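Step one of this worksheet: look at the structure below.
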Amino acid sequence: MRRMASRFFWPIIAGLFLVACENIALPGSSGNVDVSGAVVVGLLLPTAAENPQDAQLGAALASAARMAQNDVTGADIDLRIYPTAGDSSSAAAAARQAIADGAKALVGPLFASEAAAVGPLARAAAVPVLSLSNNTSVAGGGVYVLGVTYASVADRLVGFSVARGLRNIGIVYQDGVDGAAGRAAIEAAIAKSSASLAAAASYPLTVDGIGAASGGIAAQMKSTGANAVFFTDTPTGGLGFVTAGLRAAGLGASAYQFIGLTRWDASTDALAQPSLGGGWFALPDPALTSQFESRYLAAYGEAPHDLSGVAYDAVAAVGAMLSAARLIDDHDPFALARITDPAGFAGVNGVFRLLADGSNERGLAVMQVSAGAATIVDPAPRRFGGPES
């Protein structure tokens, strides 16, 4: 199963910001980029995919990338699209061609399988890859994933839970790869905090299976003293069934805070479910997201795809790094310290920064479900390591 950036996205920004930093080379970096002129950047997107939805998504991402290219100041990006078919072999071929054409950075590809194939080729050529995936299994060695990751969401929500005095956290996850990945991210976030893992329980993704498992899961949460329960499932999966089952089994909203790893607002029907009332989930800065959506609509006559902001961010980040390097005539614009500067970048859906392991951290807002809608209970930070700007 391919996992793209989840339904998380991130406009208008006064400009991306980057703090001057020590010039540390990317692994294998040649440090030989002429930043005074146009720098070729390869954009690897599934515009040639046989699946019409993937092809349409590729076109939408290309539009957002072009918008970012036009917004860049202080640098000149020669953005060239290299179509992929959404598979590893076509992505590898596209990357080879882009590198042969002189690309100094690659934006994309979208799918994790594609990024896995592109990574070694780009690494050998000392070309960084800003993938649009959120799958951290392909991150590292010069490949950075820009989609909102499970880890970023889990860190934000575990931290908020602790701040609200809820330190005994249980995890309820669906059987399968996504459930296991979500559980691992939440466990890692708990381990980094002052919270404790109360219990972890799984269930099969069938209505009957959830019904049969709910009583035992509720008993486990009660016996281990959990006061917050973290769910990994989606509104279009088993989320509504399992939360309803656990509420009916005695995990009342007054004593057990429900928390979601995924975007519960992906479904208006889900938000209206009583079992999710009072629950928390996270998303990129709603105000900035709205600005970007309005601007994209004005430019292209249609709403952006949910992932369009990720493509914008990647190109804009490349532009910010090139601009910073041009200011000091630095011929290694994609030095590791510049890519991973702790100050990060201000993206179209909020602040983000790229980490040395190839993953990322996003500034996210915490939302609470009430009366069929989601409202902000803790706003997204506008910068890292300091008060909101």
Side-chain angles (χ1 to χ4, degrees), residues 6 149-264 266 270-271 273-283 364 366-370 374 377-378:
S6 303
T149 65
Y150 283 165
S152 189
V153 177
D155 286 344
R156 176 68 165 108
L157 289 170
V158 167
F160 183 69
S161 179
V162 168
R164 290 295 183 97
L166 303 175
R167 299 174 183 273
N168 297 323
I169 300 176
I171 304 173
V172 178
Y173 62 103
Q174 72 274 29
D175 289 342
V177 174
D178 281 349
R183 170 184 172 169
I186 298 165
E187 287 179 338
I190 291 171
K192 291 186 291 185
S193 74
S194 59
S196 299
L197 176 61
S202 65
Y203 57 88
L205 263 178
T206 65
V207 174
D208 290 343
I210 291 172
S214 294
I217 293 173
Q220 188 176 1
M221 295 300 155
K222 293 175 183 177
S223 67
T224 55
N227 52 21
V229 182
F230 221 131
F231 297 88
T232 64
D233 213 338
T234 67
T236 56
L239 178 67
F241 296 103
V242 71
T243 54
L246 294 184
R247 290 297 194 209
L251 299 191
S254 62
Y256 297 90
Q257 176 66 50
F258 283 4
I259 307 173
L261 188 64
T262 62
R263 288 272 304 254
W264 289 359
L271 290 181
Q273 293 187 32
S275 61
L276 296 186
W280 300 332
F281 65 96
L283 47 66
L364 304 173
V366 178
M367 312 296 289
Q368 182 166 322
V369 179
S370 178
V377 291
D378 197 40

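The model shown is predicted, which means the values in this text are computed figures rather than measured ones.
- Counting heavy atoms from C-beta outward, Phe281 and Val369 have side chains that approach closer than 4.5 Å.
- In this view, Ser194 and Val162, Arg167 satisfy the side chain to side chain contact (heavy atoms under 4.5 Å, CB included) rule, not counting sequence neighbours.
- A distance-only check finds a donor-acceptor pair linking the side chain of Asn227 to the backbone of Asn168 [under 3.5 Å].
- Closest heavy-atom contact between Val153 and Gly260: CG1-O, 4.4 Å.
- To the nearest 0.5 angstrom, Ile217 atom CD1 is 12.5 Å from Ile171 atom CD1.
- Checked against side chain to side chain donor-acceptor pair (under 3.5 Å), Asp155 has the following partners two or more places apart in sequence or in another chain: Lys192.
- Looking at residues two or more places apart in sequence or on another chain, you find a side chain to side chain donor-acceptor pair (under 3.5 Å) between Thr234 and Thr236.
- Between the CZ atom in Arg164 and the CD1 atom in Ile259 there is a gap of 11.0 Å [rounded to 0.5 Å].
- Every residue two or more places apart in sequence or in another chain was checked for a side chain to side chain donor-acceptor pair (under 3.5 Å) with Gln273, and none qualifies.
- Checking each of Ile169, Ile186, Leu261, Val366 against Leu157 for a side-chain contact (heavy atoms from CB on, under 4.5 Å) leaves exactly one that passes, namely Val366.
- Rounded to the nearest 0.5 Å, atoms CD (Gln368) and CD (Gln257) are 6.5 Å apart.
- The list of ring-ring contact (aromatic ring centres under 6.0 Å, His included) pairs with a residue in residues 156-199, not counting sequence neighbours, reads Phe160-Trp280.
- For the atom pair OG (Ser370) and CG (Leu276), the distance works out to 12.0 Å, reported to the nearest 0.5 Å.
- Checked against side chain to side chain donor-acceptor pair (under 3.5 Å), Ser152 has no partners two or more places apart in sequence or in another chain.
- Judged by distance alone, the side chain of Gln174 and the main-chain N or O of Phe231 form no donor-acceptor pair under 3.5 Å.
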Show every donor-acceptor pair shorter than 3.5 Å between a side-chain atom in residues 195-210 and any protein atom, with sequence neighbours excluded, or say none if there are none.
from	atom 1	to	atom 2	distance (Å)
Ser202	OG	Asp175	OD1	3.4
Tyr203	OH	Asp233	OD2	2.6
Thr206	OG1	Gly209	N	2.8

Listing, residues 237-251 side-chain donor-acceptor contacts under 3.5 Å, not counting sequence neighbours, or none:
from	atom 1	to	atom 2	distance (Å)
Thr243	OG1	Leu239	O	2.9
Thr243	OG1	Gly240	O	3.2
Thr243	OG1	Ser275	OG	2.8
Arg247	NH1	Leu251	O	2.8
Arg247	NH1	Gly252	O	3.4
Arg247	NH1	Tyr256	O	3.1

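- For Ala185, the side chain to side chain contact (heavy atoms under 4.5 Å, CB included) partners two or more places apart in sequence, or in a different chain, are Tyr150, Ala154.
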